[in-house]
Amino acid sequence: DAGITQSPRHKVTETGTPVTLRCHQTENHRYMYWYRQDPGHGLRLIHYSYGVKDTDKGEVSDGYSVSRSKTEDFLLTLESATSSQTSVYFCAISERVVDGYTFGSGTRLTVV
Amino acid sequence: AQSVSQHNHHVILSEAASLELGCNYSYGGTVNLFWYVQYPGQHLQLLLKYFSGDPLVKGIKGFEAEFIKSKFSFNLRKPSVQWSDTAEYFCAVYGNNRLAFGKGNQVVVIP
């Protein structure tokens, strides 16, 4: 959807390096989420934000940190990338979570 | 915490066949349920959602889902599938300011 973009779309990085993924929205939605998608596991929540500088952990937050200094941007950082973090990462936004999410196009991250 | 269980992870069927995907949820609060679809190489898109009222919900592309409270279920159906319905389907339940997703159903429709 045009209102949410993720960057980069693809990235290959080495084990032990820090990596930052960006999610940018133009919808002024309050809630932003980072999920990872892996075969056999579906989508698992990493972190989410319910406002500027307000974030909380999801079910698979170890090894990840997030920041939201502006409404429109939600950054996901892998502090020291490991091969187990090879995955497809999706950002999602919502104004009223009961209405569901709008998803970004995803970032395919490979850690070698 | 809320959770979702999806059955029959891989489904293969021929065009014009009927499709039913099972979804069972666990959540102690007010139930809001969703089905999302992910076409190959794409992101998730909303198929349909249930908040309240009529337990039979109609979505896009001829899909429908039925909420059965006594069975904690929200099964997805389509009477006659097409090759273009080849995709992965995810059930989700709302709770605690987030959606919890099931592991998905990979559906392959053979022409």
Side-chain angles (χ1 to χ4, degrees), chain A residues 1-7 9-10 21 23-25 27 29-51 54-61 66 68 74 87-108, chain B residues 1-10 21-27 29-53 57 59-60 63 65 67 74 87-107:
Chain A
D1 286 27
I4 175 172
T5 55
Q6 292 184 232
S7 59
R9 293 295 310 276
H10 301 271
L21 309 183
C23 178
H24 178 78
Q25 63 149 326
E27 305 296 323
H29 284 344
R30 177 183 177 189
Y31 296 91
M32 299 185 75
Y33 302 81
W34 279 108
Y35 284 83
R36 58 178 291 174
Q37 183 179 23
D38 303 287
H41 291 276
L43 280 87
R44 293 179 291 175
L45 181 64
I46 305 171
H47 283 278
Y48 75 102
S49 169
Y50 47 95
D54 291 323
T55 64
D56 205 353
K57 295 179 179 180
E59 58 183 305
V60 290
S61 60
V66 289
R68 191 170 179 198
F74 192 33
S87 185
V88 180
Y89 292 85
F90 284 100
C91 177
I93 62 173
S94 182
E95 181 57 25
R96 284 179 6 119
V97 186
V98 293
D99 291 333
Y101 297 161
T102 300
F103 282 88
S105 297
T107 295
R108 183 173 295 277
Chain B
Q2 68 273 34
S3 66
V4 169
S5 176
Q6 292 183 241
H7 322 295
N8 301 321
H9 184 67
H10 294 279
L21 301 177
C23 171
N24 289 96
Y25 67 91
S26 172
Y27 183 58
T30 301
V31 173
N32 296 290
L33 296 158
F34 306 81
W35 275 98
Y36 281 82
V37 60
Q38 185 179 30
Y39 298 106
Q42 297 187 24
H43 60 282
L44 280 79
Q45 304 169 44
L46 183 65
L47 261 183
L48 49 79
K49 58 187 176 184
Y50 170 80
F51 290 168
S52 62
V57 179
I60 61 172
F63 284 90
F67 170 61
F74 189 55
E88 192 157 17
Y89 295 82
F90 293 92
C91 183
V93 61
Y94 164 81
N96 302 314
N97 289 323
R98 84 278 303 267
L99 299 187
F101 290 85
K103 294 184 178 182
N105 295 107
Q106 184 66 56
V107 175

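Values below: every heavy atom of this structure, side chains too, minus hydrogens, waters and symmetry copies. In what follows, every chain begins at residue 1, and chains take the letters A, B, ... in the order their sequences are listed.
Only the side chain of B/E88 comes within less than 4.5 Å of a heavy atom of chain A; its backbone N, CA, C and O stay farther away. Contact of B/Q38 with chain A is made through the side chain alone, with heavy-atom distances under 4.5 Å. For A/E59, no part lies near chain B; criterion is any non-hydrogen pair under 4.5 Å. No part of A/Y50 comes within reach of chain B, as not one of its non-hydrogen atoms sits under 4.5 angstrom from that chain. Heavy-atom distances place the side chain of A/L45, and not its backbone, under 4.5 Å from chain B.
In terms of the salt bridge (charged side-chain N to carboxylate O under 4.0 Å, His left out) criterion, residue partners of A/D99 (sequence neighbours excluded) are, by chain and number, A/R96. Contacts of B/R98 classified as salt bridge (charged side-chain N to carboxylate O under 4.0 Å, His left out), with partners at least two apart in sequence or in another chain: none.
Between B/N97 and A/D56, every side-chain heavy-atom pair lies at or beyond the 4.5 Å cut-off.
For B/K49, the NZ atom is densely surrounded, since the number of other residues' heavy atoms within 6.0 Å is greater than 12.
When each of A/R44, A/R108, A/H41 is checked for heavy-atom pairs under 4.5 Å with chain B, A/H41 comes out on top.
The distance from atom NE2 of B/H43 to atom CD1 of A/I4, rounded to the nearest 0.5 Å, is 8.5 Å. Between the CG atom in B/L99 and the OH atom in A/Y31 there is a gap of 11.5 Å [rounded to 0.5 Å]. Here the OG1 atom belonging to A/T102 is positioned 10.5 Å from the CD atom belonging to B/Q45, to the nearest 0.5 angstrom.
Of all heavy-atom pairs spanning B/N96 and A/Y48, the tightest one is O-OH, 4.1 Å. For the pair A/V97 and B/F34, the tightest heavy-atom approach, listed with the atom from each and the gap, is O-CZ, 4.0 Å.
Between B/F101 and A/Y101, the ring-plane angle classifies as tilted under the 30° and 60° cut-offs.
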